[in-house]
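Structure first, commentary second.
Position 1 is the first residue of the sequence, and the numbers go up from there. Values reported hereafter were calculated over all heavy atoms of this structure, with side chains retained and with hydrogens, waters and symmetry mates removed. Since the model is a prediction, treat every value here as computed from it, not as a measurement.
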Amino acid sequence: MTVLWSLGFQLNGDVDDLVKLHEVRTLLETGNIFDRTLPGVAQPEPYVSHWPWIVDLPYAAFARLLMPLAGFEPALMLASFAVPLLLLAPALYFYNRLVIAMGFANPAVALPLALIFAARSIFEYAPGRIDYHNLQILLLLAALVLMLSQNRFAAFINGLLAALALAISAEFAPFYALVMAVYAVDWIFGREQGADRIVGFGLALALGGVGLFATIVPPSAYFAVKCDTYSAPHVTALVAAGLSFAVVPLLVGRRGGWATRAAILLVFAAASAVALVLLFPHCVAGPYASLDAYVRDNMLNRIPQELSLFRRPDFVLSGSFPSMALLFVGALAPAVICLNPQSRSRPLVILALFSLLALALAIGYFRYFRYLPVFSGIGLTFVLASFLPPDAGQGRYLKSHVPTASPRYALILPGLVLSVAMALYQLSARPSHAAIPAAEFADSCDLRHFEQRQGWPAGAVVLTPPLIGAHFLALAEGPKVVTIPNHPSAQGIERSYRFLDPSTADPRAFLDASKATHVALCGWRGPPSPHLETAYPFAAALMEGHPPSWLRECPTDASSPLRLYSYRNADGSDATCPVSTASAQALP
């Protein structure tokens with residue numbers, strides 16, 4: 001991954017890495033863990049991050065250690081490079097433990113193969129990939145291994161890790177609901193140490209939820225209700241679930257059969273769910289419920305990872321289809337193996353359940369597709385082993401004590417059938433491409449080599465489409481921006497989109513509302529495009545360098561992907577253009 005990164009390959013990054021870089025920089029500069037306001041975003045309303053400070057802690061701590069030796073910015077860049085790779089080490093340890101539990105004859109051969117098949121997920125640990133997804137994968141792998149452990153403290157530790165994962169983000173809530181279901185089933189059916197495990201997990205979940213609440217949330221916000229970040233609704237849910245797990249086995253004891261135990265646990269779960277709905281009704285609609293319909297339709301619902309595979313015409317029948325089919329095969333293989341009663345070992349059943357859940361989530365919500373290879377990698381290793389001679393060559397190393405399905409083609413058939421079904425659906429339903437908003441078109445230039453080339457005047461605030469705004473935000477000495485592509489910046493997103501919207505009668509109204517001093521968008525450097533000018537007359541004029549009288553174009557390098565314009569300062573004076581860093585350095 002380091003070699004590929006050094007050669008310029010974009011392994012698995014996204015724009016959230018740029019926002020996180022600015023967030024970590026802000027934490028290091030202010031030292032205030034509770035204030036999650038990002039000073040680089042001025043909508044002009046303050047932007048308050050929905051990520052808790054604990055996700056920044058590994059990067060901030062590493063950079064703080066290096067700052068006396070390397071300086072501020074180099075230390076921050078080194079942390080962005082090294083910390084994902086450091087997180088990969090324990091992730092590989094837990095993944096190896098999971099491979100060992102599957103019963104392969106030689107895990108030292110099975111692990112590299114599983115990692116190759118799971119490369120898309122492993123690339124979440126590439127240098128510069130500083131979003132929280134790699135940490136979530138690590139915590140989930142640890143949860144799977146701890147569920148298989150016979151250690152008496154494993155369930156308690158798993159409860160603490162579950163609280164940590166859900167405090168970071170509710171994105172993995174379906175996976176941890178399945179973790180809780182496994183512990184519940186162990187107790188319901190009276191399996192060995194089932195009661196001790198569910199009690200230990202429940203106590204740790206409740207204690208961890210409360211402890212993290214005190215760690216993450218400032219005392220002044222204890223009673224604030226926020227649906228998109230760790231707050232009162234989340235800690236209430238964790239405490240309710242944890243106490244239910246801890247109390248029910250003590251109340252029931254050894255009385256009653258499995259049906260009685262299941263019914264009592266379901267009553268507690270239903271009571272907790274009803275209480276949460278009554279206490280926090282507006283969170284039922286999810287973290288994006290408060291978004292304006294204009295932002296939802298023009299921006300959020302057009303983000304590829306926010307769509308299902310059924311609504312993505314650009315994926316199923318594209319060049320990604322073979323890899324998708326391969327992942328489907330691997331995801332369903334453990335479940336096929338479990339159809340054989342002789343194959344139902346506890347580790348394989350747990351893997352099959354999580355693999356099926358990951359597959360369902362990936363199809364219904366593409367955001368989860370990045371996690372599917374974690375499970376498909378092991379499933380594809382089983383598939384490969386079934387096609388190799390069991391007593392010769394690599395086959396003897398991959399031979400498992402788990403009997404696989406016979407005939408061996410049964411392992412690949414469900415995944416292929418599902419892939420063909422998805423393709424047929426795409427051909428019959430033909431999901432349509434919605435009209436591209438002008439702001440999205442003006443945000444679509446190549447920004448991979450975005451660099452600081454201008455020295456911006458003090459107090460500059462740039463109105464840009466969201467992706468360009470995130471690139472400006474990541475600069476060490478860049479201007480403030482009106483918006484970035486995250487839902488807490490919904491007001492800025494709406495203003496930037498409406499500013500370029502052809503239906504807007506007076507774009508200046510949104511420029512004034514954002515209190516921006518400059519405008520930046522992708523530059524159209526080729527011959528004028530009649531289609532572009534017809535579809536987006538105002539945006540096309542700016543992209544081609546034909547601004548209205550109230551904007552003044554600023555000089556940019558011919559190789560720059562952007563066009564910059566100056567507007568006016570808050571006092572009504574004309575805003576000055578940024579100067580190139582080369583000329584700025586030449587000044588006395």
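A donor-acceptor pair is defined here as one N or O able to donate and one able to accept, closer than 3.5 Å; no such pair exists between the side chain of Asp186 and the backbone of Arg191. Without hydrogens or angle criteria, Ser376 side chain to Gly330 main chain gives no donor-acceptor distance under 3.5 Å. Although no hydrogens or angles enter the test, the distance criterion places a donor-acceptor pair under 3.5 Å between the side chain of Asn340 and the main chain of Gln342. Panel note: side chain Ser231, backbone Cys227; no donor-acceptor pair is recorded below 3.5 Å. Asn151 places a side-chain N or O within donor-acceptor distance of the main-chain N or O of Phe153, the cut-off being under 3.5 Å. Remark: side-chain polar atoms of Asn301 are paired, donor with acceptor, to backbone N or O of Arg296 under 3.5 angstrom.
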Evaluation steps, ring-ring contact (aromatic ring centres under 6.0 Å, His included), between Phe172 and Phe175: CA-CA 5 Å; Phe172 268 37; Phe175 290 114; 5.1 Å; yes
Derivation of the ring-ring contact (aromatic ring centres under 6.0 Å, His included) call for Phe104 and Phe382: CA-CA 9 Å; Phe104 292 105; Phe382 275 116; 4.6 Å; yes
Stepwise side-chain contact (heavy atoms from CB on, under 4.5 Å) test for Leu307 and Phe315: CA-CA 11 Å; Leu307 303 176; Phe315 189 81; over 6 Å; no
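The shortest side-chain heavy-atom distance between Leu139 and Ile168 falls under the 4.5 Å cut-off. Put simply, the side chain of Leu138 reaches to within 4.5 Å of the side chain of Pro90, judged on heavy atoms. Within the 4.5 Å cutoff, no side-chain heavy atoms of Leu332 are placed close to those of Ser355. Looking only at side-chain heavy atoms (C-beta outward), Tyr368 and Ile363 stay at 4.5 Å or farther from each other. Side chains of Phe123 and Pro84 form no contact here, defined as non-hydrogen atoms less than 4.5 Å apart. At a threshold of 4.5 Å between non-hydrogen side-chain atoms, the residues Met324 and Val316 count as touching. Two residues are said to be in side-chain contact when any heavy atoms from C-beta on lie closer than 4.5 Å; Ser244 and Ser272 meet this criterion.
Note: Phe354 and Phe375 have parallel aromatic rings, judged against thresholds of 30 and 60 degrees for the angle between ring planes. Using bins of under 30°, 30° to 60° and over 60° for the plane-to-plane angle, the ring pair Phe189/Trp258 lands in the parallel bin.
Inspection of the His50 and Tyr230 side chains reveals no N or O donor paired with an N or O acceptor under 3.5 Å. Checking Asn158 against Tyr183 by side-chain atom types alone, a donor-acceptor pair falls below 3.5 Å. Side chains of Glu171 and Tyr132: a donor on one and an acceptor on the other come within 3.5 Å.
Interatomic distance, CG of Leu309 versus CG of Leu418, reported as 9.0 Å (0.5 Å rounding). Going from atom CD of Glu440 over to atom CG of Asn298 covers 9.0 Å, rounded to the nearest 0.5 Å. We find the CG-CG distance between Leu384 and Leu411 to be 11.0 Å, quoted to the nearest 0.5 Å.
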Listed pairs under 3.5 Å, donor-acceptor, residues 107-121 side chains, sequence neighbours left out:
{"unit_1": "Ser121", "atom_1": "OG", "unit_2": "Arg370", "atom_2": "O", "d": "2.5"}
{"unit_1": "Ser121", "atom_1": "OG", "unit_2": "Val374", "atom_2": "N", "d": "3.4"}

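With respect to Lys20 and Asp14, no salt bridge is recorded, no charged nitrogen being found less than 4.0 Å from a carboxylate O. By the 4.0 Å N-to-carboxylate-O rule, Asp17 lies close enough to Arg129 to be salt-bridged with it.
For Phe328 and Phe321, the ring centers are positioned 6.0 Å apart or more. Between Phe156 and Phe201, the distance separating the two ring centers is not shorter than 6.0 angstrom.
The cationic group of Arg197 does not satisfy the cation-pi geometry with Trp187, failing either the under 6.0 Å distance to the six-membered ring centre or the 45° limit from the ring axis. Geometrically, Arg312 engages Phe366 in a cation-pi contact defined by less than 6.0 Å to the ring centre and at most 45° from the axis.
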